Asks: 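Handing you this structure, nothing more for now.
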Amino acid sequence: MPSSLHLEKITPENIDAALLLRVHPHQEKNVAPVATSLAEAYAFGEPAWPRLIFDGDELVGFLMAFLDIQWAPKKDPDDYRSGLWRLNISADHQGKGYGRFAVEAVREEIRRRGGSLMYVSWEPGEDGPGDFYLKQGFRTTGETSGGQTVGVLDV
């Protein structure tokens with residue numbers, strides 16, 4: 001993977017480019033647009049960790065992690081989890097390792113914060129990202145969240 005890959009915070013200088021980022025049209029039903037993610041990041045505050053993925057100076061994707069968030073407060077108020085909340089790789093940049101980089105970046109942030117597990121959920125189905133996440137080492141937990149399959153990975 002190129003060493004020019006890096007994450008950047010969303011800033012006034014890069015927000016417009018972030019909002020223009022689009023996945024393949026057939027993937028739009030599987031992942032919310034960046035604008036929705038940024039609204040959620042604002043609403044959730046500190047547990048949300050939105051970042052842009054750059055290859056050199058070129059914006060190639062967006063990720064948002066959740067860090068130490070109550071997973072199902074009514075079911076188990078002590079169940080706090082961290083993981084990958086959102087991953088949008090630009091349609092023009094898919095298949096180049098940027099998704100793998102994003103998973104590893106979130107994994108490293110969770111590890112840095114003392115976590116041992118990384119969660120993700122995905123829309124099941126033919127065009128869903130399930131195969132991608134399974135290839136990254138996630139295993140299904142048997143749970144669902146909002147109709148999505150939940151996976152976990154040791155960090």
Side-chain angles (χ1 to χ4, degrees), residues 1 5-10 18-55 59-76 78-113 115-155:
M1 217 167 306
L5 291 177
H6 62 281
L7 300 180
E8 291 187 16
K9 291 181 180 181
I10 289 81
L19 293 173
L20 292 174
L21 190 113
R22 297 287 181 273
V23 296
H24 282 291
H26 73 275
Q27 297 170 326
E28 289 175 351
K29 69 183 186 302
N30 296 323
V31 63
V34 173
T36 299
S37 297
L38 293 178
E40 290 170 336
Y42 177 81
F44 279 84
E46 193 66 30
W49 195 71
R51 296 292 186 269
L52 296 177
I53 305 164
F54 280 86
D55 188 347
L59 176 63
V60 298
F62 168 85
L63 68 80
M64 186 162 72
F66 57 94
L67 301 165
D68 296 319
I69 200 167
Q70 269 188 312
W71 185 256
K74 291 179 182 171
K75 183 178 173 187
D76 182 355
D78 297 324
D79 185 8
Y80 283 81
R81 298 184 185 185
S82 297
L84 183 59
W85 190 346
R86 203 66 42 71
L87 179 58
N88 306 60
I89 301 298
S90 169
D92 297 340
H93 293 95
Q94 294 186 9
K96 299 177 181 177
Y98 300 130
R100 276 193 315 275
F101 170 79
V103 168
E104 284 306 310
V106 172
R107 191 178 194 181
E108 181 55 38
E109 183 64 18
I110 292 169
R111 186 181 301 123
R112 188 184 73 73
R113 293 171 181 240
S116 60
L117 296 173
M118 176 178 169
Y119 289 86
V120 70
S121 63
W122 64 83
E123 288 290 332
E126 190 176 313
D127 289 330
D131 287 344
F132 167 77
Y133 289 119
L134 294 172
K135 286 178 186 172
Q136 303 313 306
F138 286 92
R139 57 193 182 281
T140 58
T141 65
E143 300 169 286
T144 58
S145 177
Q148 295 187 338
T149 302
V150 177
V152 66
L153 177 68
D154 296 320
V155 300

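In this chain, residues are counted from 1 in sequence order. Not measured: the values here are computed from a predicted model.
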Asks: Between G115 and V155, what is the shortest heavy-atom contact and its length?
Replies: O-CG2, 3.1 Å
Asks: Which class fits the ring pair F54 and H6: parallel under 30°, tilted 30 to 60°, perpendicular over 60°?
Replies: parallel
Asks: For L87 and I53, run side chain to side chain contact (heavy atoms under 4.5 Å, CB included): C-alpha distance rounded to whole Å, both residues' side-chain angles, the deciding distance at 0.1 Å, then the answer.
Replies: CA-CA 10 Å; L87 179 58; I53 305 164; 4.2 Å; yes
Asks: Could you walk me through whether V60 and I89 satisfy the side chain to side chain contact (heavy atoms under 4.5 Å, CB included) test, starting with their C-alpha distance in whole Å, then the side-chain angles of each, then the deciding distance to 0.1 Å, before giving a yes or no?
Replies: CA-CA 6 Å; V60 298; I89 301 298; 5.6 Å; no
Asks: Please collect all salt bridge (Lys or Arg N to Asp or Glu O under 4.0 Å) contacts where either partner lies in residues 143-155, sequence neighbours excluded, each pair once.
Replies: R81-E143, R139-D154
Asks: Parallel, tilted or perpendicular: which describes the rings of W85 and F44, with under 30° parallel and over 60° perpendicular?
Replies: perpendicular
Asks: Considering all heavy atoms of both residues, which atom of P129 and which atom of W122 are nearest to each other, and what is their separation?
Replies: CG-CB, 3.6 Å
Asks: Any idea which heavy atoms bring S145 and W71 closest together, and the distance?
Replies: CB-CZ2, 4.1 Å
Asks: To the closest 0.5 Å, what do you measure between CD1 (I110) and OH (Y119)?
Replies: 10.0 Å
Asks: Side chains of R107 and L153: closer than 4.5 Å at any heavy-atom pair?
Replies: yes
Asks: Just verifying a value: how many Å separate F138 CZ and L117 CG, rounded to the nearest 0.5 Å?
Replies: 10.5 Å
Asks: Which pair of heavy atoms, one from G83 and one from M118, lies closest together, and at what distance?
Replies: CA-CG, 4.0 Å
Asks: Nearest heavy-atom pair of S90 and L21: which atoms, and what distance?
Replies: CB-CD1, 4.1 Å
Asks: Could you check whether any side-chain heavy atom of F101 comes within less than 4.5 Å of a side-chain heavy atom of D55, counting everything from C-beta outward?
Replies: no
Asks: Between NZ of K96 and CG of L5, what distance do you get to the nearest 0.5 Å?
Replies: 11.5 Å
Asks: Return the NE2 to CG distance between H93 and L59, rounded to the nearest 0.5 Å.
Replies: 8.0 Å
Asks: Any chance NZ of K29 has more than 12 other-residue heavy atoms, nucleotides or ligands included, within less than 6.0 Å?
Replies: yes
Asks: If I compare all heavy atoms of G151 with all of T141, which pair ends up nearest, and what's the gap?
Replies: C-CG2, 4.1 Å
Asks: As an exercise, state the distance from CZ of R22 to CG of D92, rounded to the nearest 0.5 Å.
Replies: 12.5 Å
Asks: Would you mind listing every side chain to side chain donor-acceptor pair (under 3.5 Å) that reaches into residues 39-53, with sequence neighbours excluded?
Replies: E40-R86
Asks: Please report the C-alpha distance between Y133 and L84 in whole Å, then the side-chain angles of each, then the deciding distance to 0.1 Å, and finally whether the side chain to side chain contact (heavy atoms under 4.5 Å, CB included) criterion is met.
Replies: CA-CA 11 Å; Y133 289 119; L84 183 59; 3.7 Å; yes
Asks: Can a salt bridge be assigned to the pair R113 and E109 using a cut-off of 4.0 Å between side-chain N and carboxylate O?
Replies: yes
Asks: Does some side-chain heavy atom of V23 sit less than 4.5 Å from a side-chain heavy atom of Q94?
Replies: yes
Asks: First locate atom CG of L38, then atom CZ of F62, and finally report the distance between them rounded to the nearest 0.5 Å.
Replies: 5.0 Å
